[in-house]
Amino acid sequence: MLVGEDSKSLVVDLSIEPGMSTAVLRGGVGGVLHDLGEDHRYDVLLVVTELASNVHDHACGVGRLRVFRSVVPCRVWVEVDDEVERLPVYGRSRLGEDRGRGMMMVDGVSLDWGTRSRPGGGKTVYTVICCGDVPFAGLS
């Protein structure tokens, strides 16, 4: 399925529904990425949890999760779509003082992350997670 160096293949495409447990999403992603090292798989699942939680908290629980993977170099891309224009806020939340650190955690385990507008409205939040020997951008 994965073809050559630098190829990127879709490995998960799931809808996020209101009230859906993030455990369901993590299970779908973790099962497909079973051959990743435990630490790298944990990083991917952390990102899935945080981005899906943002959909539940800030976008009425409706979205789409996609995970792509390349083997050489080893990278995992996590993308989450929602229908809200509001961008993620780094380090604070409108939901209270004890919230808002999710994107800081995403940044810490990601090589890169950001957002892009979607045609017709909404946004995609994306991350790139290194699953090889390259150090993470958030740790340098």
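Quick note: numbers below take in every heavy atom, side chains included, and nothing from hydrogens, waters or symmetry partners.
The structure places CZ of R26 at 4.0 Å from OG1 of T49, a figure rounded to the nearest 0.5 Å. Rounding to the nearest 0.5 angstrom, the gap separating the CG atom in L65 from the CG atom in L25 is 5.5 Å. For the atom pair CG (D13) and CD (E79), the distance works out to 10.0 Å, reported to the nearest 0.5 Å. Rounded to the nearest 0.5 Å, atoms CZ (R118) and CD (E85) are 9.5 Å apart. Atom OG of residue S15 and atom CZ of residue R64 lie 5.5 Å apart, to the nearest 0.5 angstrom. Taking NE2 of H58 as the reference point, atom CZ of R86 lies at 7.0 Å (rounded to 0.5 Å).
Residues L33 and V12 are members of one and the same hydrophobic cluster, defined by side-chain heavy-atom contacts under 4.5 angstrom among Ile, Leu, Val, Met, Phe, Trp and Tyr. In the hydrophobic clustering of this structure, Y126 does not group with L10; members are Ile, Leu, Val, Met, Phe, Trp, Tyr whose side-chain heavy atoms approach within less than 4.5 Å, directly or through other members. In the hydrophobic cluster analysis, where Ile, Leu, Val, Met, Phe, Trp and Tyr join through side-chain heavy atoms closer than 4.5 angstrom, V47 is grouped together with M104.
Each of V125, V62, V84, D82 was checked for a side chain to side chain contact (heavy atoms under 4.5 Å, CB included) with V55, and the lone residue meeting it is D82. Remark: of the listed residues L36, D112, V78, L111, V78 is the sole one forming a side chain to side chain contact (heavy atoms under 4.5 Å, CB included) with I129.
The two atoms that bring C60 and P18 nearest to each other are O-CG, 3.6 Å, heavy atoms only. Residues W113 and D107 approach most closely at NE1-OD1, 3.2 Å, considering heavy atoms. The two residues S7 and S70 make their nearest non-hydrogen contact at O-CB, 2.8 Å. Among all heavy-atom pairs drawn from L45 and G30, the shortest one is CD2-N, 3.8 Å. Of all heavy-atom pairs spanning W77 and R69, the tightest one is CZ3-C, 4.1 Å.
Between K123 and P88 there is a side-chain heavy-atom pair separated by less than 4.5 Å. At least one side-chain heavy atom of M103 sits less than 4.5 Å from a side-chain heavy atom of L51. The closest side-chain heavy-atom distance from V32 to V67 is not below 4.5 Å.
Checking side-chain atoms of H56 against main-chain N and O of S21 turns up no donor-acceptor pair under 3.5 Å.
The SG atoms of C130 and C74 do not lie less than 2.5 Å from each other.
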task = Show your working on side-chain contact (heavy atoms from CB on, under 4.5 Å) between V109 and L46 and close with a plain yes or no.
result = CA-CA 9 Å; V109 300; L46 172 77; 4.2 Å; yes
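No more than 12 heavy atoms of other residues, nucleotides or ligands lie within 6.0 Å of CG in D39, so this atom counts as exposed by the packing criterion.
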